[in-house]
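Scroll down for the structure; my scribbles are underneath it.
Throughout, protein chains are lettered first and strands after them, A, B, ... in sequence-line order, and every chain is numbered starting at 1.
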There are 2 protein chains.
Amino acid sequence: MAEGSTSAMGGENLLFLTDEQLRKGIEAMFFAYRGFTADPDRILEVHGYGRAHHRALHFINRTHGTTVNNLLNILGVTKQSLNRVLRTLIEDGLVESRVGRKDRRERNLFLTEKGDTLERALSEAQRERMRAAYRAAGPQAVAGFRQVLEAMMDDEIRRQYTNMRDRRA
Amino acid sequence: MAEGSTSAMGGENLLFLTDEQLRKGIEAMFFAYRGFTADPDRILEVHGYGRAHHRALHFINRTHGTTVNNLLNILGVTKQSLNRVLRTLIEDGLVESRVGRKDRRERNLFLTEKGDTLERALSEAQRERMRAAYRAAGPQAVAGFRQVLEAMMDDEIRRQYTNMRDRRA
DNA sequence: CAGTTTATGTCAGCCTTGTTGACATTCCAA
DNA sequence: TTGGAATGTCAACAAGGCTGACATAAACTG
């Protein structure tokens with residue numbers, strides 16, 4: 001990335017903040033996100049699921065036994081929207097919903113073995129692309145990548161993200 | 001980002017390629033993309049438009065006089081889908097569609113003054129967030145960010161992205 | 001205990017934005 | 001002149017967002 005390294009190592013150099021650079025960053029996000037979702041999308045299509053199912057599987061796997069409400073906060077959708085997805089996942093035997101032990105109004109969500117299998121397939125496809133990108137860019141670039149992404153999140157979301165990270169680091 | 005810098009500067013250190021690190025990267029992409037789209041989304045809602053309109057405005061502004069076909073390739077949607085968006089933008093007087101001079105089957109797309117105004121408002125909101133993130137992370141991180149994003153794109157897309165960059169660098 | 005709040009689920013209906021398929025128009029090029 | 005390319009349009013459909021309304025059970029509170 002020729003002109004990227006031009007702005008790197010600058011310090012007082014603010015070329016990386018020009019509108020042109022920022023617009024390029026915006027386009028890079030757009031195109032990269034497409035690549036980021038492309039591989040799981042192909043797998044999901046075979047099973048008749050969409051990205052919404054992937055997100056649910058991902059975060060249920062990530063925080064075993066999470067409640068519906070917690071998932072709503074993480075995903076930032078309405079309960080009706082999540083419920084539609086969750087219902088099909090439960091019906092299809094990918095997710096198990098257990099009545100909460102402490103608070104019986106709550107439902108604790110878990111992946112079944114079948115759900116875990118699909119989650120791993122989806123995740124592996126996505127991780128494979130990340131792995132290739134990380135390897136191509138190198139550890140220092142990856143650190144910068146994560147720094148910028150984290151700075152781009154909404155404050156509240158960053159807190160959730162950080163918690164999630166800390167809990168399983 | 002404490003543990004990010006742990007893996008940075010490693011070289012032979014491959015900690016940044018562990019599944020856990022990759023999963024964190026995946027989540028960072030997910031959350032960051034939400035932040036990335038949040039500000040323009042709010043503006044679009046006021047005008048009764050969606051992200052699809054934003055994308056069209058962005059790329060029409062980016063490559064003045066682009067054809068519909070070219071836009072289809074960049075956006076990666078069907079012409080019917082794009083056409084619906086384009087039609088409303090033209091009806092609302094944000095986009096002008098001129099019959100091609102060389103090839104009169106083609107339509108060359110331009111922003112009107114009104115379209116340019118909205119595009120700048122959307123873009124400025126998005127750039128403001130990028131600017132803040134870039135400033136917080138610093139030029140070296142930004143270079144890494146761009147490297148990883150570029151490596152994450154599909155090959156064909158990366159070619160388009162690179163062309164677009166070179167043409168207006 | 002009665003009343004309120006909380007967590008969840010569900011029904012109905014709407015919107016945006018993606019998809020396919022069919023078909024018309026225009027016009028370049030062989 | 002005919003074939004194919006570029007574009008546009010119509011119809012129908014699906015996923016996955018949304019809101020509003022309502023039901024239930026459980027927990028909390030005075």
Side-chain angles (χ1 to χ4, degrees), chain A residues 30 33-34 37-38 40-60 65-92 95-110, chain B residues 30 33-34 37-38 40-60 65-92 95-110:
Chain A
F30 173 64
Y33 200 80
R34 277 236 300 262
T37 54
D41 280 356
R42 273 187 285 273
I43 298 174
L44 288 159
E45 204 191 352
V46 176
H47 296 257
Y49 296 131
R51 262 181 224 175
H53 300 84
H54 184 190
R55 292 195 284 266
L57 290 174
H58 175 98
F59 285 108
I60 291 171
T66 187
T67 64
V68 173
N69 233 354
N70 184 36
L71 209 49
L72 285 177
N73 290 331
I74 292 172
L75 295 175
V77 296
T78 58
K79 64 174 179 177
Q80 294 91 331
S81 211
L82 174 59
N83 191 255
R84 179 170 35 203
V85 166
L86 229 39
R87 201 189 318 159
T88 71
L89 290 175
I90 292 168
E91 278 169 6
D92 296 353
V95 168
E96 195 191 339
S97 166
R98 296 184 207 151
V99 171
R101 279 191 309 170
K102 237 188 65 183
D103 185 335
R104 298 188 40 189
R105 289 170 305 180
E106 294 183 342
R107 299 288 179 274
N108 296 119
L109 302 170
F110 300 88
Chain B
F30 173 64
Y33 200 79
R34 277 238 299 263
T37 54
D41 280 356
R42 272 187 285 272
I43 297 174
L44 289 159
E45 204 190 353
V46 175
H47 296 257
Y49 296 131
R51 264 182 222 175
H53 300 86
H54 184 190
R55 292 196 283 266
L57 290 174
H58 176 98
F59 285 108
I60 292 171
T66 186
T67 64
V68 172
N69 231 2
N70 184 36
L71 210 50
L72 285 177
N73 291 330
I74 292 172
L75 295 176
V77 296
T78 58
K79 65 178 175 175
Q80 294 88 335
S81 206
L82 174 60
N83 192 256
R84 179 169 35 202
V85 166
L86 230 38
R87 201 189 320 154
T88 72
L89 290 176
I90 291 168
E91 280 169 5
D92 295 353
V95 169
E96 195 191 339
S97 166
R98 296 186 205 148
V99 171
R101 279 192 309 171
K102 238 187 65 182
D103 185 337
R104 298 187 41 188
R105 290 168 302 182
E106 295 183 344
R107 299 289 180 274
N108 297 117
L109 302 170
F110 301 87

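A donor-acceptor pair shorter than 3.5 Å cannot be found between the side chains of Thr67(A) and Arg107(A).
Using a 4.0 Å cut-off, some side-chain N or O of Thr78(A) falls inside it from OP1 or OP2 of dC18(D). Dashed line: the shortest gap from a side-chain N or O of His53(B) to OP1 or OP2 of dT17(C) is under 4.0 Å.
The nearest whole Å value for the distance from the NZ atom in Lys102(A) to the P atom in dT8(C) is 13 Å. The distance from atom CZ of Arg55(B) to atom C1' of dG18(C) is 10 Å, rounded to the nearest whole Å. Regarding Lys79(A), its NZ atom lies at a distance of 11 Å from the C1' atom of dT19(D), rounded to whole Å. Straight-line distance from the CG atom of Asn108(B) to the P atom of dG8(D): 11 Å, rounded to whole Å. In this structure, His47(B) places its NE2 atom 15 Å from P of dT16(C), rounding to the nearest Å. Going from atom OH of Tyr49(A) over to atom P of dG16(D) covers 11 Å, rounded to whole Å. Rounded to whole Å, atom C1' of dA15(D) lies 12 Å from atom CG of Leu44(A). One can place CG of Asn83(A) at 15 Å from C1' of dC18(D), the figure rounded to the nearest angstrom.
Gly65(A) and Asn108(A) get closest at one heavy-atom pair: O-ND2, 2.8 Å.
Of the residues near DNA chain D, Arg87(B) and Val77(A), the one whose nearest nucleotide (by heavy atom distance) lies more toward the 5' end is Arg87(B). Two residues, Gly100(A) and Gly76(A), neighbour DNA chain D, and the one matched to the more 5' nucleotide by heavy-atom proximity is Gly76(A). Between Arg104(B) and Asn69(A), the residue whose closest nucleotide on DNA chain C is further toward the 5' end is Asn69(A).
On a pure distance criterion of 3.5 Å, no polar donor-acceptor pair joins the side chain of Gln80(A) and the base of dG16(D). Between the base of dA25(D) and the side chain of Arg105(A) there is no donor-acceptor pair shorter than 3.5 Å. Contact of Arg84(B) with dG18(C) (side chain to base): a donor-acceptor pair of N or O atoms is detected under 3.5 Å.
At the heavy-atom level, Arg51(B) lies under 4.0 Å from the strands shown only through sugar-phosphate atoms. Using a 4.0 Å heavy-atom distance criterion, Gly48(A) is classed as making no nucleic acid contact.
For the side chain to side chain donor-acceptor pair (under 3.5 Å) test, no residue two or more places apart in sequence or in another chain qualifies with Arg84(A).
Considering only heavy atoms from C-beta on, Val95(A) stays 4.5 Å or farther from Phe110(A) through its side chain.
Screening Asp92(B), Thr88(B), Asp41(B) for a side-chain hydrogen bond (donor to acceptor under 3.5 Å, both in side chains) involving Tyr49(B) leaves a single residue, Asp92(B).
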